[in-house]
Each structure stands twice: as C-alpha cells, then as structure tokens.
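To start, the structure itself, in structure tokens.
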Number of protein chains: 2
Amino acid sequence: MTPNKEDYLKAINKLGGCDDLIANKKIADALHISPASVSEMLTKLEKEGAVEYVPYHGIRLTPAGKQQSAALLRNHRLWEVFLLRHLGYSWSEVHEEAELLEHVTSPRLAQSLDAFLKHPDFCPHGAAIPSTDGKIKAIPLRKLAQMSVQDTSTIRKVTEEKEFLNYLQERNIQIGSSFTVLSIEPYEGPITIKLADKQIVLSYKAACHIEVDA
Amino acid sequence: MTPNKEDYLKAINKLGGCDDLIANKKIADALHISPASVSEMLTKLEKEGAVEYVPYHGIRLTPAGKQQSAALLRNHRLWEVFLLRHLGYSWSEVHEEAELLEHVTSPRLAQSLDAFLKHPDFCPHGAAIPSTDGKIKAIPLRKLAQMSVQDTSTIRKVTEEKEFLNYLQERNIQIGSSFTVLSIEPYEGPITIKLADKQIVLSYKAACHIEVDA
DNA sequence: AAAATAATTTAGGCATACCTAAAAGAGGAG
DNA sequence: CTCCTCTTTTAGGTATGCCTAAATTATTTT
Ligand SMILES: [Mn+2]
Ligand SMILES: [Mn+2]
Ligand SMILES: [Mn+2]
Ligand SMILES: [Mn+2]
C-alpha cells in the first residue's frame with residue numbers, strides 16, 4: 001500500500017463504494033487521473049484484496065478495503081482537529097496538511113492522537129470521524145437549500161473545498177451557528193438567512209453545500 | 001524533491017556534508033542502498049542544485065542543500081518532542097514515526113509545532129534542533145567512554161538507534177541523569193557508573209554512544 | 001435493431017528509483 | 001612505477017504509476 005493507492009481507496013469510499021459499484025470515470029474525475037490509469041490501478045487493488053472489480057461495470061470496496069479507507073478518513077479528520085485546535089490553523093487551511101499526514105499515521109499514532117484530542121466525533125467541517133472499527137456517528141441532516149422561509153436550524157456540516165470554505169469564512173458562517181431563513185428566491189435564486197443578527201445572502205449552490213439539523 | 005531525496009540530504013548532512021566531501025560508499029551504507037544507485041541519485045541532486053558533486057571524490061551540500069537538510073532535521077526533532085511530551089510515546093519509539101512525519105511537514109506546520117512546543121532546543125535524544133535559519137545551539141560535550149574514575153557529569157545526548165535506546169531504557173538511563181564513574185576496566189572493558197543511587201555496568205561500546213557535559 | 005455516443009480497457013511510452021554485473025578510476029604496497 | 005585492491009561509475013534491467021491513442025464494450029438515441 002502506498003499513499004497513491006490509499007487516496008484511491010479514500011475516493012472510492014467517499015463516492016459510496018462501501019455499498020454501490022462505482023464507475024471508473026467517477027474515480028478518475030475525483031482524483032484528476034486518466035480513466036486508463038484508474039483501470040490499471042483497480043486491477044492492482046483487486047489483486048491486493050482491497051476492491052471487488054467487475055470490468056466495465058465498476059468496483060466496490062471489500063471488507064478489508066472498507067476498513068482501510070475508514071482508517072484513512074479517521075486519520076485525516078483527527079489531524080484536522082489537531083491543527084485547528086492546537087496549532088492555530090483556520091477552517092480552510094487544515095485540509096491540505098491532513099491530506100499528507102493521513103498517510104504517515106500508524107494505528108498507534110492515530111490512537112494516541114485521538115486520546116490527546118479527547119475522542120472527537122466530528123472534524124472541523126462536520127464530517128463524522130469513524131471509530132477504530134469503522135463505525136460512524138450519524139445524525140439526521142438536510143441541505144440548507146431544502147429549508148423553507150421562517151425555518152430555524154443549526155449548521156452541522158459543509159463541503160470541504162478550499163474556495164468554498166473561504167467563501168463561508170468571509171460570511172462568518174461556522175459549524176454550530178444557528179440561523180433563520182428569511183427569504184428564498186424562486187428558480188434556484190439566492191437564499192437570505194439571519195445569523196448572529198446579521199443578514200447573509202447565499203447563492204443556491206452554496207446552500208446545497210451546507211447541511212443543517214433536520 | 002521527494003521523501004527519498006530528502007533522506008539522501010539528511011544522511012549527507014549527518015555524515016558531515018556541510019563541510020567535507022562525503023564518499024559515495026558512506027551514503028550507500030547509511031541508506032542501505034547500492035553504490036550504483038547512490039551515484040545516479042547524486043547526479044540528479046546536483047542538477048537540482050542541492051549538492052556539489054566531484055565524481056570519484058565525493059559530494060558536499062550546497063547552501064540550498066544545507067538549508068533543506070537542516071529543515072528536515074528540525075521537522076524530525078520537533079515531531080519527536082511532540083510525540084514524547086504529548087502523545088505518551090517513549091524515548092525509543094519516537095524516531096520511526098518522526099522519520100515519516102518529517103517529509104510531510106510544511107514550513108507553516110513546523111513553525112506552528114515549534115510554537116506549540118514552546119521552542120524546544122533539543123530532541124528527546126539530545127540532538128540540537130536547528131532554528132529556521134539552520135543555526136544550532138551547541139554545548140560542549142565529551143563521550144562517557146572518555147571519562148576517568150571518580151568523574152561526575154550529566155547525560156546530554158545518545159545515539160539514536162532503536163536497540164541501543166531500549167538498552168538504555170532498561171538501565172534507567174535518561175537525558176539529564178547525573179552520575180559518577182565508579183570503575184573502568186582496561187582494554188575497552190566495561191565501565192561502572194552510579195546513577196540515582198544504583199550501580200550500572202555499561203559496555204565500552206555503549207559508553208561511546210553516550211555524550212555528557214564536558 | 002442499428003447507429004451514434006460514451007465509458008472502459010488495452011497497447012505502447014515515459015519518468016522515477018531501485019537493482020546486479022561489468023568497466024573504469026584512484027590510491028596504496030612493493 | 002606498476003600492480004592490486006577498493007571505490008565509483010556505467011550499462012542494462014525491473015517495478016511502479018502515470019500518460020495518450022487506439023480498440024473494445026456498454027448505453028442511449030433514432
Ligand atoms: Mn491524501
Ligand atoms: Mn474535514
Ligand atoms: Mn525520513
Ligand atoms: Mn532524536
């Protein structure tokens with residue numbers, strides 16, 4: 001196993017490969033790698049027993065692959081918590097460092113880090129941190145874009161993309177912020193919310209990338 | 001630059017390549033790689049401007065190479081301090097994890113970690129942590145093997161080798177321990193010291209790997 | 001049910017970083 | 001100064017992980 005292969009497993013997991021067959025193209029797009037290279041690598045990952053490969057129809061993770069990808073997500077998210085809480089990193093900066101640290105994190109290191117951080121349940125972006133056995137603590141959520149006028153809720157999870165996180169940071173939107181929907185323009189128009197006594201206008205697309213308490 | 005090349009630079013630095021020409025064979029031995037592969041890699045490192053290469057006579061680090069290798073040693077030793085102080089690792093366990101973490105440590109991460117650790121001067125094995133500009137805090141030391149009977153001193157630095165560190169740990173020998181030399185057998189025979197009111201017998205070779213206040 | 005389109009695999013190449021074996025150079029002993 | 005030994009480089013080969021282009025398979029449209 002190499003950092004490369006680990007990123008394949010993580011991507012397959014994120015695309016839903018714990019349950020469904022995932023298409024070659026989806027993986028290629030997620031990793032910015034050619035479909036040809038993905039085919040090659042999947043053959044290798046199958047030989048190593050991490051994925052079940054149905055040529056021309058996609059792949060899914062084996063139990064071993066699920067375990068490994070969950071461990072990587074766990075490593076990644078634990079490091080994010082550490083960087084934010086103890087090293088003065090911001091919300092939008094932690095992801096890139098964690099992307100590298102996750103690959104050099106032994107089980108022993110993950111466990112010690114988890115204890116040091118007092119066993120956090122979520123990363124700074126609201127994604128659940130899998131436990132050692134791969135289980136995740138799920139709470140019911142819905143997209144902000146699917147709320148109605150006058151609804152009130154709390155922000156719990158956001159999409160982890162640098163540009164988007166900066167967009168949110170500029171608008172003072174954080175995990176745990178409570179807010180009320182003031183208005184929704186039709187045809188996927190902007191949504192206005194009141195958060196900490198300030199009005200904030202969000203594009204429809206942004207509202208699709210914010211999840212709130214159901 | 002890759003983790004591989006970084007380990008070359010670190011090895012050259014440790015072998016004295018900041019000042020002297022280092023022989024191919026020394027690097028090959030240090031990295032457990034064939035001399036042929038070392039020749040190849042040195043050619044590449046020269047093209048990248050990290051080393052000055054005199055074929056058949058050895059290599060030394062350029063200013064850029066010195067800077068890079070010092071940063072790596074700094075990263076390595078900062079992580080060692082973190083693992084020991086905050087994650088419950090022992091003296092003999094920190095090295096291997098740091099060997100990987102050092103390669104995924106951005107300047108920003110190193111700086112934040114340094115601040116979090118309150119700017120430590122030495123790693124858990126007593127090696128100086130270079131500052132960002134590559135300077136190290138040197139204190140005068142001598143080998144325990146070169147002491148005389150009745151001499152008293154304090155342990156400041158030990159060779160970083162897993163087997164040896166376990167040997168020391170079993171005998172309760174730590175950085176900062178004060179002791180007195182009780183006896184020295186001739187012809188490189190064992191050396192007996194009194195440390196924390198207990199007599200400890202050290203082989204001559206072990207005593208060569210322990211440095212104490214001069 | 002064909003034809004057109006899209007997805008996937010295969011073929012052939014390239015760069016990195018390692019290896020062993022053979023050739024070439026450097027340095028010491030006589 | 002010449003031989004002998006040890007070191008170093010060069011040559012040729014392997015494995016990994018990526019690429020583009022071509023061939024194949026699947027899916028959608030007509
Ligand atoms: Mn990664
Ligand atoms: Mn995250
Ligand atoms: Mn290393
Ligand atoms: Mn150390």
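All values below were derived from every heavy atom in this structure, side-chain atoms included, with hydrogens, water molecules and symmetry-related copies excluded. Convention: sequence-line order gives letters A, B, ...; per-chain numbering from 1.
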**Asked** Does atom CD of B:Gln111 have more than 12 heavy-atom neighbours from other groups under 6.0 Å away?
**Response** no
**Prompt:** Counting heavy atoms not belonging to B:Lys162, are there more than 12 under 6.0 Å from its NZ?
**Reply:** yes
Could you tell me the separation between the [atom1] atom of [X] and the [atom2] atom of [N], rounded to a whole number of Å?
X: A:Ile27; N: C:dA7; atom1: CD1; atom2: P; value: 14 Å
X: B:Leu45; N: D:dT9; atom1: CG; atom2: P; value: 13 Å
X: B:Lys25; N: C:dG25; atom1: NZ; atom2: P; value: 22 Å
X: A:Leu9; N: D:dG17; atom1: CG; atom2: P; value: 12 Å
X: A:Met41; N: D:dG17; atom1: CE; atom2: P; value: 5 Å
X: A:His57; N: C:dA6; atom1: NE2; atom2: P; value: 18 Å
X: B:Glu48; N: C:dA15; atom1: CD; atom2: P; value: 15 Å
X: A:His32; N: D:dG17; atom1: NE2; atom2: C1'; value: 18 Å

side-chain N/O [X] vs [N] OP1/OP2, d < 4.0 Å:
X: A:Tyr53; N: C:dT9; answer: yes
X: B:Thr2; N: C:dA17; answer: yes
X: B:Tyr8; N: C:dT16; answer: no
X: A:Asn4; N: D:dT16; answer: no

**Request:** Please state whether the rings of B:His86 and B:Phe116 are parallel, tilted or perpendicular, taking 30° and 60° as the class boundaries.
**Result:** tilted
**Item:** Under 3.5 Å: donor-acceptor pair, side chain of B:Arg156, backbone of B:Glu211
**Value:** no
**Request:** Using the closest heavy atom to pick a nucleotide of DNA chain D for each, name whichever of B:Val54 or A:Ser37 lands nearer the 5' end.
**Result:** B:Val54
**Request:** Take A:Lys44 and A:Pro55, find for each the nucleotide of DNA chain D with the closest heavy atom, and name the residue whose nucleotide sits nearer the 5' end.
**Result:** A:Lys44
Picking from [options], which would you name as closest to the side chain of [X]?
X: A:Tyr56; options: C:dG25, C:dT8, D:dC19; result: C:dT8
X: A:Glu40; options: C:dA26, C:dG12, C:dT9; result: C:dG12
X: B:Ala36; options: D:dA11, D:dT20, C:dC18; result: D:dA11
X: B:Ser39; options: D:dT9, C:dC18, D:dG17; result: D:dT9
X: A:Lys5; options: D:dT8, D:dG17, C:dT20; result: D:dG17

**Given DNA chain C, 5'-ward residue of the pair A:Pro35 and B:Ile33, judged by closest heavy atom** = A:Pro35
**Message:** Could you tell me if A:Glu161 and A:His209 have a donor-acceptor pair between their side chains, going purely by distance under 3.5 Å?
**Reply:** no
